[in-house]
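Reviewing the structure listed below.
It should be emphasised that the depicted structure is a prediction, and the values quoted were computed from it without experimental measurement.
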Amino acid sequence: MSDLLANLNAEQLQAVSLPPQHALILAGAGSGKTRVLTTRIAWLIQSGQADPAAILAVTFTNKAAKEMLARLAAMLPVSPRGMWIGTFHGLANRLLRAHHRDAGLPQLFQILDAADQLAAIKRLLKALNVDDEKFPPRELQHFINGQKEAGIRPHAVEAWDDYTRQRVQLYQEYEAQCQRESVVDFAELLLRSHELLERNEPLRRHYQRRFRHILVDEFQDTNRLQYRWLKLFADEGREGGAAMFCVGDDDQSIYRFRGAEVGNMRDFEREFRVANVIRLEQNYRSRSNILDAANAIIRHNTNRLGKNLWTDQGAGEPIRVFEAFSDGDEARWIVEEIQQLVREGALRSEIALLYRSNAQSRVLEHQLFSAGLPYRVYGGLRFFERQEIKHALAYLRLIANADDDTVFARVVNFPTRGIGARSLEVLQDAARTYNTSLYATVPHLSGKPGSALAVFVRLVEDLRRDTAGLPLPELVDHVLDASGLRAHYKAEKEGRERLENLDELINAAANFLAEAQAQRAPEEAAAAHALLADFLAHASLEAGEHQADPGADAVQLMTVHSAKGLEFNAVFLSGLEEGLFPHENSLLESDGLEEERRLMYVAVTRARERLYLSFAQSRMLHGQTRYNLRSRFLEEVPAGLTKWLTPPNPRSAAGGEFGSMRAGAGGGYFKPSAPVQRAPRPAFAPLPNGLRIGQAVSHAKFGQGVIVAAEGSGTDAKVQINFGPAGVKWLLLSVAKLEAA
DNA sequence: TTAACCACGTTTTTT
DNA sequence: ACGTGGTTAA
């Protein structure tokens, strides 16, 4: 046991070995957060303070849950059964399956992912003849999820205007539809399990007595409902309730847009009267130049819980800063630097290329591709989100539950079997009249037994009968053939990859079966249809990897958001421009700029050894060339930590007074560290009227000024001009009378 | 039923 | 610029 605690620093040790009391661990980036969390669990068990069954550990992503399990397996002599470790949604699913009757659900309820939910809403609007222009499905989805995450059912929504009342009506209809079809969306998993325990006191007491230790990862990302869910398990922090051990970093809260409430940290501290607030401030990841930059940036935020990271690893290399003429120029420079790093022996997979928005990956990919550098982009479609996989899963879901109208509608005519929109409309109307599912309505139709719809129903019946005794992988295999999916993609010109993915689905099923057999009695796992439901839940809750080849030695491209939690030897952060990063939309939101700054903080703290910051004077966005100022976040990096590879250019500086920014700062001009030929400097790209960035102009009212930025074209063309004492203004070229000065 | 066409939107994302 | 989704014509 002593070796468990060895090599922990004082604060980590304090956190890990805390008595069973509530604790809030403020864990800075790279401070060993996951280590503390898992060591805490291992220590509680190994020291005999807690039975494994008394542990409830909650994460946000399946990846984090898996990593925690893997680390625990390495720390503990035997794999401790009985712990509940998983995501909020995974654990909620587990609860609802175990107590489905009390929760008012059939045992085989299906889970809707976000896309399924949207499809269900569209179908609902159509069935109710609601104008989807007036009630955009996406917005309605957002409304419904928002209410659920606030814990509000339709009857409890406070609606003061007609529009809201109508949306509440639709919310109610949506719930009825889900209940009819035995489907549950993500927010519903949490809300339903919360209500289950809230209403059922014996059950609640059971779990409250069972779980003595509740540990939460990434606590700053919890939403209101998730926090309430946790509080229920912890008996609201009352005497005798479980000990809450929450780990988080308010400086890394970057998910407010999807409902995360950093305020939960303060609420937790207050409501649970947390006596142990422990700060993990020693960073084991980055060189101090990088860390100091991160600290300096985040210091500009107010309302922090307060932390200052330090390291004993030494300063390391200066942070390289590069100003490019264009996005293409920037990408070319990045590729050259990467090639130089690789020549020096760097592993490609240890180099990350980060950006604020996905649209930026295009230029970067183009240059990487031209240079023949292997790369991997995160953020595309994931395995279980692919069209062909969704179709295959839809057939499987019909076997498990034929009354699921979402999947019925999805595959009733895929592959095509002559069931057009017209027949579906008739069927839908009939289903409403009989108040039955689409599937169950087919026999009611006056159509002959040989009708296309009747044939489809027969197909589903046959599938269910023929697969009844099959092991899961063979079941899937059979469905792929009998449904006609294989034949369909075989006939398609571009169907090869899709066929491969379908085969991969069989592999996924085989893996799932193997894991199930390892965990339960083999005879239990052998029951094919029972396992099928579990497999389908797994597919909904865990969308899988983003792309194949995760092991390949390739440069890693991703948004700053998806880089959270990762680390790399070298990080390139591109597009550091006003409007892009911080994103222009964020400036309109309250606390938006501070969230962008936290994002910047996350980006910078991903780097271990080397950090490269770059921006471009012009950038292609939405088919138009935009001229941006460099990001204010760049100015927040102390000059002593950086090394400008291009001369600091006052014209591209953000902020008010022209030329007031960092004149002569940064240590002068340095050649690019790679021995590369750069294209000769083009002049600033001319704007429509022959004006240029940096050009002096005069205006009748504002006087002398200099063009600092421009955007739009034709009659929309406008330029930003710094008039010195008269301020910085945007002027429409078609309106303003400007004269070259 | 399918291909062709146009309008539309375009920050970030997990479950 | 570029992909998506919906409508229209063949």
Across the strands shown, which category fits [X] at heavy-atom distances under 4.0 angstrom: base, sugar-phosphate, nothing?
{"X": "A:Ala92", "value": "nothing"}
{"X": "A:Lys564", "value": "nothing"}
{"X": "A:Phe257", "value": "base"}

Going by the rule ring pair (Phe, Tyr, Trp, His ring centres under 6.0 Å), which residues pair with A:Tyr601 if we only count those two or more places apart in sequence or in a different chain?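 None.
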Sequence neighbours left out, what passes ring pair (Phe, Tyr, Trp, His ring centres under 6.0 Å) with A:Tyr355? Give chain and number order.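 Result, ring pair (Phe, Tyr, Trp, His ring centres under 6.0 Å) vs A:Tyr355: none returned.
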Tell me: [atom1] of [X] to [atom2] of [N], nearest whole Å?
{"X": "A:Gln110", "N": "B:dT15", "atom1": "CD", "atom2": "C1'", "result": "16 Å"}
{"X": "A:His538", "N": "B:dT15", "atom1": "NE2", "atom2": "C1'", "result": "13 Å"}
{"X": "A:Asn223", "N": "B:dT13", "atom1": "CG", "atom2": "C1'", "result": "13 Å"}
{"X": "A:Ile254", "N": "B:dT14", "atom1": "CD1", "atom2": "C1'", "result": "12 Å"}
{"X": "A:Asp217", "N": "B:dT14", "atom1": "CG", "atom2": "P", "result": "15 Å"}
{"X": "A:Glu218", "N": "B:dT15", "atom1": "CD", "atom2": "P", "result": "12 Å"}
{"X": "A:Ile111", "N": "B:dT15", "atom1": "CD1", "atom2": "P", "result": "13 Å"}
{"X": "A:Phe186", "N": "B:dT15", "atom1": "CZ", "atom2": "C1'", "result": "4 Å"}

Taking atom NE2 of A:His99 as the centre, does the number of heavy atoms from other residues, nucleotides or ligands within less than 6.0 Å exceed 12?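 Atom NE2 in A:His99 is packed in, count exceeds 12.
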Show every side chain to side chain donor-acceptor pair (under 3.5 Å) that has at least one partner inside residues 87-98 of chain A, sequence neighbours left out.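 Pairs touching residues 87-98 of chain A that pass the test: A:Asn93-A:Arg97.
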Can you name the side-chain contact (heavy atoms from CB on, under 4.5 Å) partners of A:Arg123, sequence neighbours left out?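 A:Ala120, A:Gln177, A:Glu181, A:Asp405, A:Thr406, A:Ala409, A:Gln428.
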Is the NZ or CZ atom of A:Arg376 positioned over A:Tyr378's six-membered ring, under 6.0 angstrom from the centre and within 45° of the axis?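 The answer is yes; both the distance and angle limits are met.
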Which nucleotide span of DNA chain C, 5' end to 3' end, has atoms closer than 4.0 Å to non-hydrogen atoms of chain A?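 Going 5' to 3' along DNA chain C, contacts run C:dA1 to C:dG6.
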Quick one: are the ring centres of [X] and [Y] less than 6.0 Å apart?
{"X": "A:Tyr207", "Y": "A:Trp84", "answer": "yes"}
{"X": "A:Phe512", "Y": "A:His538", "answer": "yes"}
{"X": "A:His488", "Y": "A:Phe414", "answer": "yes"}

Can a side chain N or O of [X] be found less than 4.0 Å away from OP1 or OP2 on [N]?
{"X": "A:Arg138", "N": "B:dC8", "answer": "no"}
{"X": "A:Asn62", "N": "B:dT14", "answer": "no"}
{"X": "A:Ser562", "N": "B:dT12", "answer": "no"}

Closer to the 5' end of DNA chain B via nearest nucleotide, is it A:Glu542 or A:Arg417?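 With A:Glu542 and A:Arg417 compared, the 5'-side residue is A:Arg417.
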Show each protein N/O and nucleotides 9-11 of chain B N/O combination with a separation under 3.5 Å, one pair to a line.
unit_1	atom_1	unit_2	atom_2	d
B:dT11	O4'	A:His583	NE2	3.3
B:dT11	O2	A:Arg356	NH1	3.1
B:dT11	O2	A:Arg356	NH2	2.1
B:dT11	O4	A:Glu589	OE2	2.5

If we ignore hydrogens and angles and just use 3.5 Å, is the side chain of A:Asp327 paired with the main-chain N or O of A:Met620 as donor and acceptor?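 Checking the backbone N and O of A:Met620 against the side chain of A:Asp327, a donor-acceptor pair under 3.5 Å is found.
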